[in-house]
Structures are given as structure tokens and as C-alpha cells.
K.L.:
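Quick one: the structure is below, and I'll ask about it shortly.
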Number of protein chains: 2
Amino acid sequence: MNDGAGAFKQSPGAGAATCHGDEGDSCHRVGHSPGKRRLSELTEQLRAKSRKITGPRQKILDVLRMNRHPVTIKELFAQMPRGDCDLVTVYRSLHLLESMGMVKRFDFGDGTARFELIDGPDGGHHHHLICTRCESIVELEDCFAKEMELSVAKRNGFASVTHRLEFFGICPKCQ
Amino acid sequence: MNDGAGAFKQSPGAGAATCHGDEGDSCHRVGHSPGKRRLSELTEQLRAKSRKITGPRQKILDVLRMNRHPVTIKELFAQMPRGDCDLVTVYRSLHLLESMGMVKRFDFGDGTARFELIDGPDGGHHHHLICTRCESIVELEDCFAKEMELSVAKRNGFASVTHRLEFFGICPKCQ
DNA sequence: CACTTAATGCAAATCACTTGCAAAGGTGGA
DNA sequence: TCCACCTTTGCAAGTGATTTGCATTAAGTG
Ligand SMILES: [Mn+2]
Ligand SMILES: [Mn+2]
Ligand SMILES: [Zn+2]
Ligand SMILES: [Zn+2]
């Protein structure tokens, strides 16, 4: 309600299904330009793990390919030709892709998961800057937290330490 | 499922209602030792904003006072003498306390909010290290991200930038 | 082309959380 | 101390995201 680092709330139905890429915002990530990886390259990864290459999965991968920012399941679903497959299938496919390390799940603090095709090495590890007013997203190339990760792990005797980090603020247009 | 920085999943009913503090883990945060702030001091904050000091609210504050780590609504509810108040009241009270800046909400990536009494200045800003096996939590005193926050804000023209950051790993006992 | 088994669609179930509404109870003022 | 007023609470029902059961369909294989 007055939350400073407040949860990112999505206005119902806003900014969803229509525009795939973006209308000229600044993207600081180098990899993952829309449509960069060929669809065949992606389906090949499925085949390599003896998963079936179905119509729905191809469509889902294709939509993911076209988005430079993480998308919600609903957004993804809305970008597929209506009737192409069931919403449940999208959920199940993204689970599969996530478990195969092909997509990465992000959590912006509203109750909705977002997914991005993993592009670079490092499992696609990166972070975002999200406008809490208009929901626009900036991809942040650098990971600032790797060193802390190490020190935190060492100091507390933890192993396999990873982190989740997202930034929130008001974008230039919304100020 | 095989998620490296995977979502922290809580095993149903595990580690919940029974132990308030902790069984001798390392706590790196200085402030917020259990029971530090007097209950009267807390209810006074309610009175100061002309909110009613009700039975449920006192109980809720008292439970929060006794926990050194963020607690879920369910855990909080379970720590109150059964029949003390309705679950919904806990939800509503925490909203109130959050809006008054008395508690801070944390998101560990499972679908459940966690709350901690705000203790120090800086709105209680800090981070956690969470064991993805046993769910034990280490409070991290330092915030490493303030500088990144500034650089990220400046570089992208964003204002009022904040961040959410949590670390996940395997604790010494679970390795 | 037939077979085997994974994948899909549809409906129903969970889960965390929210909301509507009438009843109960703090509080400031008489 | 007593009261009226307005907040807060309890209970039931509603949401929205995500999951699950199950019978049906369709890749992949030889
Ligand atoms: Mn991204
Ligand atoms: Mn904490
Ligand atoms: Zn990082
Ligand atoms: Zn921080």
C-alpha cells in the first residue's frame, strides 16, 4: 500500500498480450535479441532429451523467442494464435522447459511467474529494473551480486549459493 | 525441479508452528533479538496513529516480537493460542502493520509472503540466506546492493529505486 | 502402418490471499 | 462510568495463479 520497495502490482490486463518486443526502450542486455535463436535450434534441444516436438511446444518456444523480456504465462498464452493449445499445456510446457534449463523463471513479487528463454551461458543469470508504474522492464546485463554471494556463502558455511535480485523504481516516462 | 537458483519450496507443514526462535544457528544481524522491543512500545505506535489496540493485534505483535526470522501468516497464526482470532484477521493486521511501516514483507520465491517486525532504521532493510533443504534462515546484516541501486538508477534514469535480494543455498547441516 | 508412451484438453482441485457483510468491541467524549 | 460511533472481527464466499486426475490424442519408433 505505501510499500517503499513494494511488490510490483500488475494492473489487470495492462501491457499484456499486444506488443511482443518493446517500443524503443533502453535494453542493456546484449544477448537475447528477439528471434535471435532459430526455432530449429530450440526444438533440437527437446529432441536431444527425447522429448516430443509437438505443435504447442513449438508455438510456445516461438513466442518465447520473440520476447526480449520475461513474460507471464498469460501473456505467452495470449500471444499464441487462439485455439492453439490449452492454458494448462503452457504451464506444463514451461515446467518442462525450466527443468531442462531452457527457460528461467523470474519473480517480480506480484503473484505471477515470468519466464525468459535462456540465452547466454551462466544459465542466463541476470537481473531486471522494473517500473512500478507502467511495468516497463529494463534488462540488466551485469550481475552485481556474485562477490557477495561468495562472501555470504563462505561466512555462513553454505554451499551452492545463488541469489535472486530485482530492482524496482519509476522509469523516466513515469516520473 | 532441477532449478539452480530455484524457488524455495516449503515442505508442507515442515518447520512451522513449533519453534519460535531457533535452535542455535548463526545470526549475523545485530538488531531484532527476540522479544527485544516491549509490547507496549509497539502498541503505542498503533495508538499514535489512532488505530485500535485489540486483542488479536496484541497477540500478533507479540508473536512477531518472538520471531527473529520472517514468518509466514500461517506460522504466525499457528503460534497464537488456538481460537485467539481468525486467519483473516491476521492477514488484515499484517496489511495494517505493513502500511504503518511496522513490519516488512519478504518474498522467498515460494508463493507465500513472510513478515518481520521492523527494528532498526532504514525501514529494516536487509537480506536473507535461506537453506533450500531445511528452510533454515540466516539474517544478513549488510546490504551490499545500495551502490548498485544508485548506479542502476542513474544509468537508466529511474527514480526511487529499491531492490529485493535473497540468497539461497545448502546450509552446513544439510550438505 | 501399428505400437507404445508421452502429451494434451477439460474439469475440478489447491493455495494464498481478498472481499462482503453483519455482529462485536475499542475509544473519546458526555 | 456510560454511550454512541466507528473500527475491527468472524464467517463465508470469491479471486487468481497454478496444479492434478483422467480419458483421449498423437509423436516417435521400427
Ligand atoms: Mn531478462
Ligand atoms: Mn530478516
Ligand atoms: Zn546476480
Ligand atoms: Zn539491500
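Naming: A, B, ... by sequence-line order, numbering from 1 per chain.
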K.L.:
Give a yes/no answer on whether the side chain of B:T54 brings an N or O atom under 4.0 Å of OP1 or OP2 in D:dT9.
P.N.:
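B:T54 to D:dT9 OP1/OP2: side-chain N or O found under 4.0 Å.
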
K.L.:
Of all the choices, D:dG10, D:dA27, C:dC17, which nucleotide is nearest to the side chain of B:T112 once you look at every atom?
P.N.:
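Closest of the options to the side chain of B:T112: C:dC17.
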
K.L.:
Rounded off to whole Å, could you give me the CZ-to-C1' distance for the B:R114 and C:dA16 pair?
P.N.:
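Whole-Å distance recorded here is 12 Å.
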
K.L.:
Just how far, in rounded Å, is P of C:dT8 from CG of A:L94?
P.N.:
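Going from CG in A:L94 over to P in C:dT8 covers 11 Å.
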
K.L.:
Less than 6.0 Å separating the ring centroids of B:F115 and B:H95?
P.N.:
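No: the rings miss the under 6.0 Å criterion.
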
K.L.:
Answer yes if the side chains of B:E75 and B:N67 hold a donor-acceptor pair under 3.5 Å, and no otherwise.
P.N.:
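No, B:N67 and B:E75 have no side-chain donor paired with an acceptor closer than 3.5 Å.
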
K.L.:
Considering only heavy atoms and no angle criterion, is a donor-acceptor pair shorter than 3.5 Å present between the side chain of B:R92 and the base of D:dG10?
P.N.:
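Answer yes: a donor N or O sits under 3.5 Å from an acceptor.
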
K.L.:
Between CG of A:D86 and CZ of A:R92, what distance do you get to the nearest 0.5 Å?
P.N.:
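With rounding to 0.5 Å, CG (A:D86) is 8.0 Å from CZ (A:R92).
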
K.L.:
Starting at NE2 of B:H127, measure out to SG of B:C143 and round the result to the nearest 0.5 Å.
P.N.:
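Result: 3.5 Å between the selected atoms.
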
K.L.:
Tell me the interatomic distance from B:R47, atom CZ, to D:dT7, atom C1', rounded to whole angstroms.
P.N.:
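That distance rounds to 15 Å.
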
K.L.:
Can you confirm whether the side chains of A:E116 and A:H128 place a donor and an acceptor under 3.5 Å from each other?
P.N.:
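There is such a pair between these side chains.
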
K.L.:
Could you tell me whether the phosphate oxygens of D:dA17, OP1 or OP2, come under 4.0 Å of any side-chain nitrogen or oxygen in A:K74?
P.N.:
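So the side-chain polar atoms of A:K74 do come within 4.0 Å of the phosphate oxygens OP1 or OP2 of D:dA17, strictly under.
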
K.L.:
Return the value, rounded to whole Å, for the distance between atom CD of B:Q58 and atom P of C:dT27.
P.N.:
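Taking atom P of C:dT27 as the reference, CD of B:Q58 is at 9 Å.
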
K.L.:
How many Å lie between NZ on A:K49 and C1' on C:dA7, as a whole number?
P.N.:
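Answer to the nearest Å: 18 Å.
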
K.L.:
Expressed in angstrom and rounded to an integer, what is the separation of A:R57 atom CZ from D:dA26 atom C1'?
P.N.:
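About 12 Å, once rounded to whole Å.
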
K.L.:
Looking at A:H95, I'd like to know whether one of its side-chain N or O atoms comes within less than 4.0 Å of OP1 or OP2 on D:dT19.
P.N.:
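True: A:H95 side-chain N/O within range (under 4.0 Å) of D:dT19 OP1/OP2.
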
K.L.:
Take atom CG of A:D86 and atom P of D:dC22, then tell me their distance rounded to the nearest Å.
P.N.:
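The distance from CG of A:D86 to P of D:dC22 comes to 18 Å, rounded to the nearest Å.
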
K.L.:
Here's a test of your reading of the structure: between B:I73 and B:G55, which maps to the more 5' nucleotide of DNA chain C?
P.N.:
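Between the two, 5'-proximity favours B:I73.
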
K.L.:
When you get a sec, tell me which of C:dA6, D:dT18, C:dT27 is the closest nucleotide to the side chain of A:A113?
P.N.:
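Shortest atom-to-atom distance from the side chain points to D:dT18.
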
K.L.:
Taking only N and O in the side chain of A:Y91, is any of them less than 4.0 Å away from OP1 or OP2 of D:dT18?
P.N.:
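Answer yes for this pair, as a side-chain N or O of A:Y91 is under 4.0 Å from OP1 or OP2.
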
K.L.:
Using atom CG of A:D84 as one end and atom P of C:dG9 as the other, report the distance to the nearest whole Å.
P.N.:
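These atoms are roughly 9 Å apart.
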
K.L.:
Tell me whether the OP1 or OP2 atom of D:dT7 has a side-chain N or O from B:R51 closer than 4.0 Å.
P.N.:
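So the side-chain polar atoms of B:R51 never come under 4.0 Å of the phosphate oxygens OP1 or OP2 of D:dT7.
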
K.L.:
Between B:T89 and D:dT8, does any side-chain N or O lie under 4.0 Å from OP1 or OP2?
P.N.:
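No, because none of the side-chain N or O atoms of B:T89 sits under 4.0 Å from OP1 or OP2 of D:dT8.
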
